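Reminder, nothing fancy here: chain letters follow the sequence lines and each chain counts from 1. Computed from a predicted model, the values in this text were never measured in an experiment.
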Amino acid sequence: MSDEPREKPGNFIRDIILEHNASGRFGGTVITRFPPEPNGYLHIGHAKAISIDFGMAREFGGRCHLRFDDTNPTKESQEYVDSIIDTVRWLGFDWGKHLYYASDYFEQLYAWAVQLIEAGKAYVDDLTADEMSEYRGTLTEPGRESPYRNRSIEANLDLFRRMRAGEFEDGTRTLRAKIDMASGNINLRDPVMYRIRKAAHHRTGDAWCIYPMYDWAHGQSDSIEGVTHSICTLEYEDHRPLYDWYLDQLGVHHPQQIEFARLNLSHTIMSKRKLVELVQQGLVSGWDDPRMWTLAGLRRRGYTPEAIRDFAERVGTAKAAKVVDIAFLEHCLREDLNRRADRRMAVLRPLKVVIENYPEGQVGEMEAVNNPEDPAAGSRKVPFSRVLYIEQDDFRDPAPPKYFRLSPGAEVRLRYAYIVKCTGVERDASGQVVTVRCTYDADSRGGDSRGRKVKGTIHWVSASHSIPAEVRLYDHLFSVPKPDDADDWKTVLNPRSLEVVRGARLEPTLAGADRGSRFQFERQGYFCVDARDSAPARLVFNRTVGLRDTWAKIQKGAG
RNA sequence: UGGGGCGUGGCCAAGCGGCUAAGGCGCGGGACUUUGGAUCCCGUAUUCGGAGGUUCGAAUCCUCCCGCCCCAACCA
């Protein structure tokens with residue numbers, strides 16, 4: 001990043017840890033964990049959580065575990081486990097040997113459940129899901145106790161053992177904690193600890209037919225691992241009393257749960273349900289569609305892990321639910337790419353230019369700097385010849401006010417090549433300009449204006465030397481900043497979120513570019529070779545993000 | 001008619017009773033420029049959801065009010 005480490009913004013979680021360290025609550029150790037459920041792909045919001053979990057641990061010389069909260073076999077799969085591991089690693093975080101699964105603790109969890117039953121703190125309930133919902137009460141009315149609430153400890157022990165043995169069908173019984181059906185906090189109204197699910201688990205196979213609920217698994221898993229700070233998002237705030245209750249009943253190591261506001265990004269939706277819908281209904285091409293803000297999507301789009309980490313740190317950590325402007329993510333990206341991406345010339349929508357006074361058959365070699373931000377990146381040679389392609393947008397007849405590019409009679413600099421002057425155009429039957437005719441100033445080699453005032457510089461490629469490519473231009477998937485606010489979020493999908501440009505022409509040095517490699521196409525933006533669809537003989541580039549475009553603003557202002 | 005949280009500029013966000021309310025993004029203006037990129041300047045809240053109160057002094061403490069978010073899966 002920058003030479004001097006950016007000053008870290010204040011952070012209430014850090015303050016809490018500092019207090020713990022001062023009071024000696026955890027003996028000065030800091031152990032955190034990132035606990036994804038393997039039921040989907042990670043998105044940019046997870047990057048913030050990962051950054052906080054791993055960041056706090058690193059800052060205090062502790063460690064962060066990667067633990068899968070795999071307690072619901074019907075929704076989870078190995079595919080998701082694999083993608084999550086791959087993604088967190090790609091982001092640049094390392095959990096060392098501390099890779100865990102809640103399913104590793106099933107036996108211990110079962111033993112602890114038996115312990116709670118023996119203490120009269122848990123019971124087997126025969127209520128159906130619907131009945132249980134009815135008994136639970138509402139937000140404003142207390143619930144009622146289940147008729148099965150006061151079974152004997154012996155009966156509960158027996159029933160629970162038989163639940164595990166598979167004697168009962170799915171949904172017929174649950175194990176519940178005996179807490180308080182009248183609590184204002186609904187999580188405390190005798191929460192379910194175990195449900196029967198005769199489903200194969202991606203790790204434990206058929207070993208179990210009862211599975212622990214999140215609340216029963218999570219805190220205890222934290223405890224087993226010696227976690228000190230269990231950092232999670234705001235929606236778990238009213239689960240904290242339950243988190244604490246279980247741990248207190250068991251009398252085991254008791255981590256501190258701390259909640260922060262999850263990340264919301266403008267022009268996106270973070271709901272897992274909606275994300276799944278986008279993918280399953282084919283509204284996008286997959287979890288890694290470059291328009292997606294999943295980490296897999298951002299990665300394929302060309303985002304760097306560094307930029308994402310920088311963004312995650314810079315958005316801050318607080319408790320107010322806010323929506324961060326996606327322009328900030330893009331800013332962090334440009335900042336990183338500007339420093340690192342080599343420059344190349346690529347013409348997306350070619351317009352033929354003939355340099356009338358450049359000898360036919362002659363090929364010049366123009367020296368082009370690879371990265372003005374990084375002298376060590378060196379330079380390259382780009383071929384120049386009589387027939388070139390320039391961007392259609394770089395020629396206008398007549399030229400609008402303040403247009404610095406090419407137009408009849410105007411002079412412009414061809415980047416790293418020569419100053420040229422437009423002498424005329426050729427049009428087709430419909431009046432469309434098909435060829436621009438120019439003359440060049442041989443003394444301006446390299447682009448030296450030699451005292452003249454040449455305001456415009458445009459990029460170009462030599463027609464016969466250039467290579468073809470498909471270029472995919474992306475825009476926000478949603479056309480409004482807050483799709484969640486729309487009556488129907490699917491109606492605000494941006495119809496122009498993907499534009500495929502097939503006839504692009506690239507400078508020849510781009511031939512053989514590796515999949516995933518990133519470049520700045522001068523004056524246009526940052527692009528990367530698509531990791532999925534590109535092939536040496538058929539290059540496909542993704543536009544990662546455009547350059548800031550002051551000209552576009554001027555035009556917009558001019559109406 | 002419950003419980004838990006949150007309200008600082010267009011968007012994030014510091015601030016934790018006392019110098020003129022940090023910083024970033026965005027936006028506007030200027031300088032510079034062989035990317036209308038980058039970089040560099042300058043500007044952008046007399047005020048902290050509102051109203052009272054405490055105090056020599058409040059965004060920071062108290063009271064009331066207003067607004068927003070989360071919770072009634074055998075999901076996490």
Inset, instruction - Using the P atoms only, state how far B:A72 lies from B:C40, rounded to an integer number of Å. - result: 49 Å

Legend entry - Whole-angstrom distance between B:A38 and B:C32, as gauged at atom C1': 11 Å

With a 6.0 Å cut-off on ring centres, are [X] and [Y] close enough?
X        : Y        : result
A:Tyr211 : A:Tyr194 : no
A:Tyr526 : A:Phe519 : no
A:Tyr440 : A:Tyr418 : yes
A:Tyr243 : A:His239 : no

Which one, [options], comes nearest to the side chain of [X]?
X        : options             : answer
A:Met132 : B:C12, B:C74, B:U35 : B:C74
A:Asn338 : B:A38, B:A72, B:U35 : B:A38
A:Leu139 : B:G7, B:G28, B:C71  : B:C71
A:Arg523 : B:C12, B:C74, B:G36 : B:G36
A:Glu235 : B:C74, B:A72, B:C70 : B:C70
A:Arg197 : B:G3, B:G36, B:C75  : B:C75
A:Thr457 : B:G36, B:C71, B:C6  : B:G36
A:His331 : B:U35, B:G26, B:A76 : B:G26
A:Thr174 : B:G28, B:C74, B:G36 : B:C74

If you look at every strand shown and take non-hydrogen atoms under 4.0 Å, does [X] touch a base, only sugar-phosphate, or nothing?
X        : answer
A:Glu522 : base
A:His239 : base
A:Asp238 : base
A:Ala320 : sugar-phosphate
A:Asp69  : sugar-phosphate
A:Asp448 : base
A:Phe311 : nothing
A:Val323 : sugar-phosphate
A:Arg343 : base
A:Tyr194 : nothing
A:Thr550 : sugar-phosphate
A:Pro372 : base
A:Leu414 : nothing

Distance test, side-chain N/O of [X] to OP1/OP2 of [N], below 4.0 Å:
X        : N     : answer
A:Thr71  : B:A76 : yes
A:Lys322 : B:A13 : yes
A:Arg262 : B:C69 : no
A:Arg195 : B:C75 : yes
A:Ser183 : B:G2  : no
A:Arg136 : B:C74 : yes

Across all strands shown, which nucleotide pairs with [N] by Watson-Crick or G-U wobble geometry, both distances under 3.5 Å?
N     : value
B:C61 : B:G53
B:U44 : B:G26
B:G7  : B:C66
B:A21 : none

Legend entry - Anti versus syn assignment for B:A73, with syn defined as within 90° of 0: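 You should classify B:A73 as syn.
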
Rounded to whole angstroms, how far apart are [atom1] on [X] and [atom2] on [N]?
X        : N     : atom1 : atom2 : result
A:Asp130 : B:A72 : CG    : P     : 15 Å
A:Leu234 : B:G3  : CG    : C1'   : 15 Å
A:Lys402 : B:G29 : NZ    : C1'   : 12 Å
A:Arg548 : B:U39 : CZ    : P     : 8 Å
A:Asn185 : B:C70 : CG    : C1'   : 11 Å
A:Asp15  : B:A13 : CG    : P     : 15 Å
A:Ile16  : B:C16 : CD1   : C1'   : 14 Å
A:Tyr214 : B:C74 : OH    : P     : 16 Å

Can you find an N or O donor on one side and an acceptor on the other, under 3.5 Å apart, linking the side chain of [X] with the base of [N]?
X        : N     : value
A:Arg405 : B:G36 : yes
A:Asp549 : B:G36 : no
A:Glu373 : B:G37 : yes

Inset, instruction - Specify whether A:Phe478 and A:Trp293 have parallel, tilted or perpendicular ring planes, treating 30° as the upper limit for parallel and 60° as the lower limit for perpendicular. - result: tilted

Inset, instruction - Identify whether a stacking contact exists between A:Phe404 and B:G36, where the ring centres must be under 5.5 Å apart and the planes under 30° apart. - result: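 Per 5.5 Å and 30° rule: yes, stacked.
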
Inset, instruction - Indicate whether A:Trp551 forms a stack on B:G36; treat it as stacked only if centroid distance is below 5.5 angstrom and interplanar angle below 30 degrees. - result: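 Yes, the aromatic ring of A:Trp551 stacks with the base.
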
Legend entry - A:Ser133 vs A:Ala552, nearer the 5' end of RNA chain B by closest nucleotide: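 By nearest-heavy-atom nucleotide position, the 5'-most residue is A:Ala552.
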
Legend entry - Contact nearer the 5' end of RNA chain B, comparing A:Thr317 with A:Gln520: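 The residue closer to the strand's 5' end, by nearest nucleotide, is A:Thr317.
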
Legend entry - pair A:Gln220-A:Leu247: side-chain heavy atoms closer than 4.5 Å: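 When only atoms from C-beta onward are counted, A:Leu247 and A:Gln220 do touch, with a gap below 4.5 Å.
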
Inset, instruction - Kindly indicate, with the supporting measurements, whether the criterion salt bridge (Lys or Arg N to Asp or Glu O under 4.0 Å) is fulfilled by A:Asp336 and A:Arg340. - result: CA-CA 7 Å; A:Asp336 187 34; A:Arg340 317 163 50 176; 2.9 Å; yes

Inset, instruction - For the residue pair A:Arg262 and A:Thr233, confirm or rule out a side-chain donor-acceptor distance under 3.5 Å. - result: no

Legend entry - Pair A:Ser183, A:Asn185: side-chain N/O donor-acceptor within cut-off below 3.5 Å: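 The answer is no; no qualifying pair exists.
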
Inset, instruction - Using side-chain contact (heavy atoms from CB on, under 4.5 Å) as the criterion, point out the one residue from A:Ile258, A:Ile13, A:Leu234 that pairs with A:Lys319. - result: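 Considering A:Ile258, A:Ile13, A:Leu234, a side-chain contact (heavy atoms from CB on, under 4.5 Å) with A:Lys319 is found only for A:Leu234.
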
